[in-house]
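Chain A is the first sequence line, chain B the second, and so forth, proteins listed ahead of strands; every chain is numbered from 1.
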Amino acid sequence: MVYYFFPAKTIFQYNTHIREVFSMKMSQLFGNRLKEDPADATTFSHKFLVRGGYVRPVSAGIYSLLPVGKRVIAKIENIIRQEMDRVGGQEVLMPVVLPADLWVESGRYQSVGAELLRFTDRNNKAMVLGMTHEEASCQIARTEINSYKQLPVMIYQIQTKYRDEARPRAGLLRVREFTMKDAYSFHTSQEDLDAYYQELHAAYERIFRRVGMKHVVSILSNTGMMGGSVSHEFMLLADCGEDNIFLSPDGKSYKANREVAVSGLKFERNGEELPLEKVATPHSKTIEEVATFLNVTPAQTGKAVFYSTEDGKELIFVLIRGDFEVNECKLKNVLGLNAIKFADDNLIRACGAVPGYASPVGIAEVPGKVRLVIDPSAAGTVNLVVGANEEGFHYKNFNYGRDMTGGLVADVACVREGDPCPVTGEPLQFKHGIEIGNIFQLGLKYSKSMKVNYLDKDGKSKPMYMGCYGIGVGRTMASVIEDNHDDYGPIWPMSIAPYQVHIVALQPNGTDSGEKAEALYRDLQAKGVEVLYDDRGEKAGFMFSDADLLGIPFRVIVSLKTLANGMVEFRTRASRDSEMIPVEQAAEVLAQRVRAELDRYL
RNA sequence: CGGGGUAUAGCUCAGUCUGGUAGAGCGCGUGCUUUGGGAGCAUGAGGUCGCAGGUUCGAGUCCUGUUGCCCCGACCA
């Protein structure tokens, strides 16, 4: 039987829902460190989370948390709770399993794809596993909120979500089952929602700073399946990130996801419009081939890109200058469509176009069959080379407005690295990011369809303005590692480290080293410090490499060598510089330093 | 959902081409020696070789099917 020493008061109030254990001996710690990288790990966080014994894979994208991982997660959750409470949030808990009816009400039972896991219960009732809880929060909001006097209000939960991801990857960075903090706010006006959105934005900045991430930016993002208008994503800048971000050089003026990013490029129709001229361009289908053949730059060409609606019935013709790529997300947004795909050649031919030589000359919008979208790059440049709708021929000197009219002129171009920032005009920088949180203004999207109404001052029933705000907890833990590690393991910030001080006793068995280490272990606990004590008496290098994987910010090495001078050795996980501290003062000095370090994350 | 890969001990892998009845390193147990950056010696435990059929006297190995997992892409609050 193991007996733990319980301090009366701890520096860090470590709230779990179970018995509180502040300290641990390595000889009793559940979960092993691994000396070799898992074969399938490609990111630092994936390698270290598995090797350090924080998580274990159970199935594709499904993980168990081991004790040290659970402690990190609990601390992250606690910081999130504090900051949510600080902006007036009230914690609730909604079910993981939800009736499909609720999702039918909001319309998402139909609109969301296969990532929503659907099943039936024993009574053959349709159910879903919650992937996000707008519907559930609407359901409780509409039953609890009757009057404007009860608004605004924000509820949040920290709950398991399930998304049936097509391809989980990179350890905890992209999983199927995960823990998420999701918050929902309800307001009487757009103005009130705007103001609260800013408060949440500030709360998020505090959270990510407090968990120890240094390279987080909030960027403009696409609203996607959530609907609504305004949204921001909080991104940790990291090479392994899956998201593509454009930033102004100052990192502040403009920040946007590539899905929605715009550039400050201006297209001016300078130059005389020359007569349209048909030229032979044998075996030249791609922009590169045509430009080379006619000795022009891709920027002097226009390309036709064909998409279709998801059912494949309606053709979408996009004309864009040859040096740009179509941004499908922006295209979907301007068309108001949830999904598009590349058109197949049969549909293109059926609409009278010749794939590879398709021409904007002569094509016309046909309601229900053909839609035209012209990017400003093509509309705003004179004398382009475009297809002639005939195998082996192109037109020179195409001018929109003269040789083609109609269609929707809208920005559907991908921003390119180096394009001018729309705010400052300086070249935009391209970065990868990990999305760790997002905030959305949902407006009335859900409250209308789900009848989330309140009685206003004027006695009339009105729908509430809604916002929703998410943070991936496990992804945050992995991201902190991506942002804080060396070649040997994580370097945990004191605020979320599994323990605060790691005591390593060299040759502890039956020696002064063991006795002093044990005493320090107890003294630190008495002072409220969370201690991990490596009492195993393994080889020094073996214990040090385990300590590196555990990443505890402060390390104390107790050995006969330094005890001979009455000292123990102190070093931080980050710096590896060492310092001698008199053994009788060690507990007090360490407790003070832990306290000082924790204060940096308040 | 397309393309590629892979499945043998807790982990990392060899053995498959050329069929003959299970291997290494790490980890784990025991003993002795060791102890400031992944210790040594000795001795053990641990695998119906993903699953199901088939060929064969005999299948980890060959054939067919199937499933899991990983990577790239598509997709994705």
Work out how far the [atom1] atom of [N] is from that of [M], and round it to whole angstrom.
| N | M | atom1 | value |
| --- | --- | --- | --- |
| B:rG19 | B:rU55 | C1' | 11 Å |
| B:rG23 | B:rG4 | P | 36 Å |
| B:rC63 | B:rC71 | C1' | 28 Å |
| B:rU6 | B:rA52 | P | 22 Å |
| B:rG68 | B:rC28 | C1' | 27 Å |
| B:rA45 | B:rG10 | P | 15 Å |
| B:rG20 | B:rC11 | C1' | 30 Å |
| B:rA22 | B:rU61 | P | 14 Å |

Measure from [atom1] on [X] to [atom2] on [N] and round the result to the nearest Å.
| X | N | atom1 | atom2 | answer |
| --- | --- | --- | --- | --- |
| A:Met26 | B:rG27 | CE | C1' | 15 Å |
| A:Arg536 | B:rG37 | CZ | C1' | 14 Å |
| A:Phe570 | B:rG36 | CZ | P | 22 Å |
| A:Lys539 | B:rG27 | NZ | C1' | 18 Å |
| A:Leu506 | B:rG36 | CG | P | 7 Å |
| A:Arg51 | B:rC11 | CZ | P | 15 Å |
| A:Asp37 | B:rC26 | CG | C1' | 13 Å |
| A:Phe542 | B:rG37 | CZ | C1' | 12 Å |

Dump the pairs, protein N or O against N or O of nucleotides 71-75 of chain B, anything under 3.5 Å, distances to one decimal.
{"unit_1": "B:rC72", "atom_1": "OP2", "unit_2": "A:Arg167", "atom_2": "NH1", "d": "3.1"}
{"unit_1": "B:rC72", "atom_1": "OP2", "unit_2": "A:Arg167", "atom_2": "NH2", "d": "2.7"}
{"unit_1": "B:rC72", "atom_1": "N4", "unit_2": "A:Arg167", "atom_2": "NE", "d": "3.4"}

Taking [Y]'s backbone N and O only, do any of them form a donor-acceptor pair with [X]'s side chain (distance below 3.5 Å, no angle check)?
| X | Y | value |
| --- | --- | --- |
| A:Arg176 | A:Ala60 | yes |
| A:Asp483 | A:Ser479 | no |
| A:Tyr54 | A:Leu550 | yes |
| A:Ser185 | A:Met466 | no |

So what's [N] paired with, Watson-Crick or G-U wobble, going by both distances under 3.5 Å?
| N | result |
| --- | --- |
| B:rU64 | B:rA52 |
| B:rG44 | B:rC28 |
| B:rU35 | none |
| B:rG23 | B:rC13 |
| B:rG73 | B:rC1 |

* To do: Test for a donor-acceptor pair under 3.5 Å between the base of B:rG37 and the side chain of A:Asp548, counting only N and O atoms.
  => yes
* **Distance-only donor-acceptor test (3.5 Å): side chain A:Gln507, base B:rG36** =>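 Answer is no: no donor-acceptor pair is held.
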Please list, pair by pair, any protein nitrogen or oxygen found under 3.5 Å from a nitrogen or oxygen in nucleotides 6-10 of chain B.
none

* Flag yes if more than 12 heavy atoms outside A:Lys47 fall under 6.0 Å of its NZ atom; otherwise flag no. => yes
* Determine, stepwise, if the pair A:Arg51 / A:Tyr488 fulfils side-chain hydrogen bond (donor to acceptor under 3.5 Å, both in side chains). => CA-CA 10 Å; A:Arg51 285 187 51 198; A:Tyr488 307 101; over 6 Å; no
* Structure fact -> Of A:Leu549 and A:Asp243, the one whose nearest nucleotide on RNA chain B sits closer to the 5' end is A:Leu549
* To do: Indicate whether OP1 or OP2 belonging to B:rG68 is found under 4.0 Å from a side-chain N or O atom of A:Ser59.
  =>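 No, outside the criterion.
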* Asked: Salt bridge between A:Arg571 and A:Glu569, side-chain N to carboxylate O under 4.0 Å?
  -> yes
* Asked: Is A:Asp182 salt-bridged to A:Lys161, going by a charged N under 4.0 Å from an acidic O?
  ->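 Between A:Lys161 and A:Asp182 there is a salt bridge, with a charged N closer than 4.0 Å to a carboxylate O.
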* Closest to the A:Arg555 side chain: B:rC13, B:rG37, B:rU35? ->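 Looking only at heavy atoms from C-beta outward on A:Arg555, the closest nucleotide is B:rG37.
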Sugar-phosphate only, base, or nothing, as touched by [X] at under 4.0 Å among non-hydrogen atoms:
| X | answer |
| --- | --- |
| A:Tyr488 | nothing |
| A:Arg571 | base |
| A:Glu233 | nothing |

* **Passing option when A:Glu105 is tested against A:Lys448, A:Arg142, A:Lys451 for salt bridge (charged side-chain N to carboxylate O under 4.0 Å, His left out)** => A:Arg142
* Asked: Can you check salt bridge (charged side-chain N to carboxylate O under 4.0 Å, His left out) on A:Arg81 and A:Glu83, steps first, answer last?
  -> CA-CA 5 Å; A:Arg81 278 195 182 90; A:Glu83 295 299 335; over 6 Å; no
* Any chance you could measure A:Glu435, atom CD, to A:Ser221, atom OG, to the nearest 0.5 Å? =>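 The CD atom of A:Glu435 sits 7.0 Å away from the OG atom of A:Ser221.
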* Asked: Which value, rounded to the nearest 0.5 Å, describes the distance between A:Ile503 atom CD1 and A:Asp535 atom CG?
  -> 10.0 Å
